[in-house]
Amino acid sequence: MKKKNVRRRLVLTKFEKLLYGFALFLLVLAPLATVFSQAALSKVNYDVEKIKGEISAQEKVNESLSMKISELASLDKIQEVAQSEGLSYNNSNIKYVDASE
């Protein structure tokens, strides 16, 4: 007598199907979420570096303007502008004000 191979079909409950479906969904979603989060992080890093460059450029402009202010506020420059406008430097006309009063 021959034995027949009987295959039994695996029967899954609704909960098991839901559980396997959810696991498959997470298996697909996890790499996608990682890729998208890395892309977002890269964009933020790019924006930060761009802003740092802009800050550096603005600091150079500010430093240049500060030096120009110092140059224009020097006593020599003030006397030069005063003479070109017909004014003269008279030390006796200078009055000192005490800041504590």
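Please read all numbers here as calculations on a predicted model, not as lab measurements. Excluded from the calculations below are hydrogen atoms, water molecules and symmetry mates; all remaining heavy atoms, backbone and side chain alike, are included.
Interatomic distance, F22 CZ to L27 CG, rounded to the nearest 0.5 Å: 12.0 Å. Atoms CG and OH, from L24 and Y20 in turn, are 12.0 Å apart once rounded to the nearest 0.5 Å. Note: F25 CZ to L18 CG = 12.0 Å, rounded to the nearest 0.5 Å. The CD atom of Q79 sits 10.5 Å away from the OG atom of S88 when rounded to the nearest 0.5 Å. Atom NZ of K43 sits about 8.0 Å away from atom NZ of K50, to the nearest 0.5 Å. Here the straight-line distance linking atom OG of S37 with atom CG of L32 works out to 10.5 Å at 0.5 Å rounding.
Looking at N62 and Q58, their side chains do bring a donor and an acceptor atom within 3.5 Å of each other.
In summary, K68 and E71 do not engage in a salt bridge, as defined by a charged side-chain N under 4.0 Å from a carboxylate O.
Of all non-hydrogen atoms in I78 and L72, the two that sit nearest each other are CG1-O, 4.1 Å.
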Next on the checklist: Would K77 and E80 count as a salt bridge (charged side-chain N to carboxylate O under 4.0 Å, His left out) here? Give the steps.
Outcome noted: CA-CA 5 Å; K77 184 65 176 178; E80 179 185 319; 3.7 Å; yes
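In this structure a side-chain-to-backbone donor-acceptor pair under 3.5 Å is missing from S56 to G53.
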